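Computed from a predicted structure; not experimentally measured. We name chains A, B, ... by the order of the sequence lines, and we start the count at 1 in each one. Hydrogens, waters and symmetry mates play no part in the numbers below; they use all other heavy atoms, side chains included.
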Number of protein chains: 2
Amino acid sequence: MDEIDRNIAIALQQDGSAGLAELAKVSGLSVSATAERVKRLEERGVVRSWRADLDPAQVGCPLLGFVFVALRPGRDDAAFRRAMSRHEHVLECHRITGPWHFLLKLRVADLAALEAFLDEELRAQPSVERLESLIAIATEKETALLPVAPATEEE
Amino acid sequence: MDEIDRNIAIALQQDGSAGLAELAKVSGLSVSATAERVKRLEERGVVRSWRADLDPAQVGCPLLGFVFVALRPGRDDAAFRRAMSRHEHVLECHRITGPWHFLLKLRVADLAALEAFLDEELRAQPSVERLESLIAIATEKETALLPVAPATEEE
DNA sequence: GTTGAAATTTGAACTGT
DNA sequence: ACAGTTCAAATTTCAAC
């Protein structure tokens with residue numbers, strides 16, 4: 001992961017449809033060397049996948065919510081974790097510091113769908129003790145573009 | 001946005017490198033008709049961009065944090081919003097319901113970087129009144145795959 | 001890592017239904 | 001709006017440097 005790899009990764013993150021010719025300019029290498037780099041980035045798992053970024057509103061999930069979850073003490077949380085991982089409306093599920101145990105990020109169609117999720121999926125979990133939810137009124141920024149750090153050690 | 005468009009959108013969301021031939025199988029249409037559909041999805045903004053999904057740990061931002069922000073009453077928040085939009089470590093910035101005004105999602109290298117962000121970027125903002133931050137101990141799930149709703153009205 | 005060329009595949013356009 | 005062919009372009013692989 002040297003400077004060249006980082007530049008390629010940054011470019012691919014912004015535009016996954018960039019051609020090798022374009023990437024070659026960014027990297028300063030030849031086209032074939034650039035192709036090698038891209039392949040290696042995939043092999044090493046730096047590039048996990050290629051995806052189309054969709055507009056949430058246009059695919060029917062305009063409502064964004066966050067839910068804090070506290071689980072009952074001494075209760076196995078495996079079932080809860082599995083349920084969250086499976087559920088397509090749960091975009092994120094993090095074990096967090098602070099008074100709560102988990103923080104969920106949700107995408108749903110509307111408030112009715114949020115209510116249904118809270119009642120039928122979360123409160124239905126035996127290990128769930130307490131919930132606190134909030135919704136986004138507006139989104140100033142929502143990106144998946146990661147800050148790529150300016151090189152530390154291993155190349 | 002009929003059933004066919006939805007199937008294509010779902011496929012592209014999971015694998016943006018899928019070729020038209022593969023998509024044609026999914027959609028049940030010919031390759032050329034599928035190409036038309038994809039082009040229209042881009043034109044309508046359903047597909048916003050094509051991106052490589054990178055591994056946060058491997059690009060040097062393994063630490064995930066959330067920060068609640070309360071702004072001073074009667075203070076213009078434009079500068080704050082602009083600063084958050086610009087900052088690459090701020091992945092998300094939502095105006096939210098509840099006692100806080102904004103919720104930020106951050107990606108940084110380590111706790112030192114988080115501290116620096118809190119001190120130099122957030123507390124430095126004149127409009128910021130109070131902060132509360134938490135970090136992810138572990139991430140059970142973190143996906144950008146949106147739940148694509150099963151068709152409502154307009155085709 | 002570079003260059004250059006061949007083989008394969010892909011996306012883009014045209015034509016007709 | 002869709003299907004089938006054709007055409008151009010980009011990716012992949014390979015050679016030799």
* In whole angstrom, give the distance that lies between atom CG of A:L29 and atom C1' of D:dT11. => 17 Å
* Asked: Would you say a side-chain N or O of B:R37 is under 4.0 Å from OP1 or OP2 of D:dC2?
  -> yes
* Just how far, in rounded Å, is C1' of C:dT10 from CD of B:E22? -> 13 Å
* Please give, in whole Å, the distance from C:dG1 P to A:K39 NZ? -> 13 Å
* Can we call the ring centroids of B:F117 and B:H87 under 6.0 Å apart? -> yes
* Asked: Counting only distance, no hydrogens or angles, is the base of D:dG4 paired donor-acceptor with the side chain of B:S32 under 3.5 Å?
  -> yes
* Atom-to-atom span, NZ of B:K25 to P of C:dT10 - whole angstrom -> 10 Å
* **Any donor-acceptor pair under 3.5 Å from B:D110 side chain to B:A113 backbone** => yes
* Under 4.0 angstrom, heavy atoms only, what part of the nucleic acid is B:A35 near: base, sugar-phosphate, or nothing? -> nothing
* Which whole-number value in Å describes the distance from B:W50 CH2 to D:dA10 P? -> 18 Å
* Separation of atom CG in A:L12 from atom P in D:dT11, rounded to whole Å -> 11 Å
* B:E36 CD to D:dG4 P, straight-line distance once rounded to whole Å -> 15 Å
* To do: Provide, to the nearest angstrom, the distance between the CG atom belonging to B:L20 and the P atom belonging to C:dA12.
  => 7 Å
* Asked: B:W100 ring centre to B:R130 NZ or CZ under 6.0 Å, with the angle to the axis within 45°?
  -> yes
* Asked: Given the rule in the side-chain hydrogen bond (donor to acceptor under 3.5 Å, both in side chains) test, do B:W50 and A:Q14 qualify, once you have shown the distances and angles that lead to the verdict?
  -> CA-CA 8 Å; B:W50 306 94; A:Q14 292 166 341; over 6 Å; no
